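Computed from heavy atoms alone, side chains included, the values below leave out hydrogens, waters and symmetry copies. The shown structure was predicted, so the numbers you read here are calculated from the model rather than taken from an experiment.
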Amino acid sequence: TCALPMLSISAMGASNLKHTIAVLWTGRHDRAIIGYHGFFASEPRFLSRLSFALTPIVSRLVARTIVVSKTLRETLVRRWRAKARRTTVIYNPIVWGELPPTSQKGDIEKRPPLVLAVGRLVALKQFDMLLRAFARLGRPDARLVILGEGPERARLEAEIGKLGLAGRVELPGYVAEPWGYYEQASCLAISSRSESFGMIVVEALAHGLPVVTTDCQGPTEVLDRKSTRLNSSHIPLSRMPSS
């Protein structure tokens, strides 16, 4: 006979719902762990949104609910009425090959001015606002690279033309291993409306980059908890004009 697993784990939206139904059917709900990686606003699909609505029930049926930041935990407990005692924070791990040596401030200052942004080209990331802020930078030699792909590409390309930024802004698309861009950048910019964690913040800090971000929950939490050996700065883009 096959031994039953000690625990079963799922993450996000529809997977959590299917998992919960399965463990209730088999009577193993006390050995089940579900996970949330994002806010309600970042989950456009019906079943994913339904999973938030059912949080008060599901979080009391399973053994633990794992979330990726304190901010997300507070939201689940306060707004979606998750069982506080069973909801635990485990930060996302950042894993790649050999960790590069942290760049020193002086080394980064010698680089050509390159602002790096990473994320899906969707409205939630507010890359249109980042483009407008970049246009006001007053550094004609500066460049902006936005890594990612998504439905907002055409609108962002039109905004680049409208702002006269052709030749200074690049949209290379999705890059699976963006480490070379981190090694060229002067800073990382995050313009999101909300982020539950912000893996790119940790990646940037590991490369010694300063981080410029909106006050969008997760990244602020990461920067507030940064190791003393990492160089970072939290400069809310919300202070900049939006038009």
Side-chain angles (χ1 to χ4, degrees), residues 5-24 28-95 118-120 122-126 188 190-206 211-228 230 232-238:
M6 292 182 63
L7 296 171
S8 56
I9 303 173
S10 64
M12 299 184 290
S15 297
N16 287 336
L17 290 180
K18 295 172 184 177
H19 181 203
T20 303
I21 293 170
V23 295
L24 286 173
R28 294 178 60 82
H29 58 91
D30 59 340
R31 293 174 178 268
I33 298 173
I34 63 173
Y36 289 77
H37 287 207
F39 294 110
F40 178 82
S42 64
E43 301 285 358
R45 296 181 179 179
F46 171 75
L47 286 179
S48 297
R49 295 200 162 196
L50 180 61
S51 72
F52 275 86
L54 295 176
T55 297
I57 299 171
V58 173
S59 69
R60 286 161 174 80
L61 291 173
V62 298
R64 284 288 186 276
T65 298
I66 303 298
V67 296
V68 296
S69 66
K70 288 184 177 180
T71 303
L72 183 53
R73 181 184 184 277
E74 291 169 1
T75 300
L76 278 183
V77 171
R78 185 181 67 253
R79 179 180 176 186
W80 300 103
R81 294 180 290 137
K83 181 75 171 178
R85 187 170 56 83
R86 296 185 185 180
T87 305
T88 304
V89 176
I90 299 179
Y91 290 110
N92 277 323
I94 304 297
V95 180
V118 184
R120 290 192 65 227
V122 294
L124 189 69
K125 302 295 184 180
Q126 298 190 128
L188 176 77
I190 300 173
S191 53
S192 300
R193 190 177 302 122
S194 67
E195 294 282 353
S196 59
F197 179 68
M199 296 177 72
I200 60 172
V201 179
V202 182
E203 293 171 355
L205 294 177
V211 176
V212 184
T213 179
T214 51
D215 190 4
C216 56
Q217 296 95 21
T220 307
E221 184 175 331
V222 173
L223 294 176
D224 286 344
R225 292 176 58 86
K226 68 183 183 297
S227 166
T228 55
L230 297 175
S232 71
S233 60
H234 173 210
I235 309 170
L237 281 176
S238 55

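In this structure, the separation between CG on L61 and CD1 on I21 is 11.0 Å, given to the nearest 0.5 Å. The structure places CG of L76 at 11.0 Å from OG1 of T71, a figure rounded to the nearest 0.5 Å. The distance from the OG1 atom of T55 to the CZ atom of F40 is 10.0 Å, given to the nearest 0.5 Å. Rounded to the nearest 0.5 Å, atoms CE (M6) and CZ (R31) are 6.5 Å apart. One distance of note links CD of E221 with CG of L72; it measures 9.5 Å at 0.5 Å rounding. To the nearest 0.5 Å, atoms OH (Y91) and NZ (K70) are separated by 5.0 Å.
In this structure a side-chain-to-backbone donor-acceptor pair under 3.5 Å is missing from E195 to Q217. Checking side-chain atoms of T87 against main-chain N and O of K83 turns up a donor-acceptor pair under 3.5 Å. Between the side chain of R28 and the backbone N or O of S8 there is no donor-acceptor pair closer than 3.5 Å. Side chain of T214 to main chain of S192: a donor-acceptor pair is present (N/O by atom type, distance under 3.5 Å, no hydrogens or angles). Put simply, the side chain of R193 never gets that close to the backbone of Q126: no donor and acceptor are under 3.5 Å apart. S191 places a side-chain N or O within donor-acceptor distance of the main-chain N or O of K125, the cut-off being under 3.5 Å. Between the side chain of R86 and the backbone N or O of V62 there is at least one donor-acceptor pair closer than 3.5 Å.
Across M199 and P93, no two heavy atoms sit closer than the pair CE-O, 3.5 Å. Residue L205 comes nearest to V222 through the heavy atom pair CD1-CG1, 4.3 Å, listed as atom of the first residue, atom of the second, then distance. The minimum heavy-atom distance linking A82 with S59 is given by the pair CA-OG, 3.4 Å. Pairing each heavy atom of V58 with each of T20, the nearest pair is CG1-OG1, 3.4 Å.
In summary, R79 and E74 do not engage in a salt bridge, as defined by a charged side-chain N under 4.0 Å from a carboxylate O.
With hydrogens and angles left out, the side-chain atoms of S196 and H37 include no donor and acceptor closer than 3.5 Å. When only modelled atom types and interatomic distance are considered, S51 and N16 share no side-chain donor-acceptor pair under 3.5 Å.
When side chains are defined from C-beta on, V201 counts as touching I190, because their heavy atoms get closer than 4.5 Å. A 4.5 Å side-chain heavy-atom check between I33 and I66 finds at least one atom pair inside the cut-off.
A centroid separation of less than 6.0 Å is found between the aromatic rings of F52 and Y36.
In R60, the CZ atom is crowded: over 12 heavy atoms of neighbouring residues, nucleotides or ligands sit closer than 6.0 Å.
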Audit row: I90, V68, side chain to side chain contact (heavy atoms under 4.5 Å, CB included) steps and yes/no
CA-CA 5 Å; I90 299 179; V68 296; over 6 Å; no

Would you check, one step at a time, whether the test side chain to side chain contact (heavy atoms under 4.5 Å, CB included) holds for T88 with V67?
CA-CA 6 Å; T88 304; V67 296; over 6 Å; no

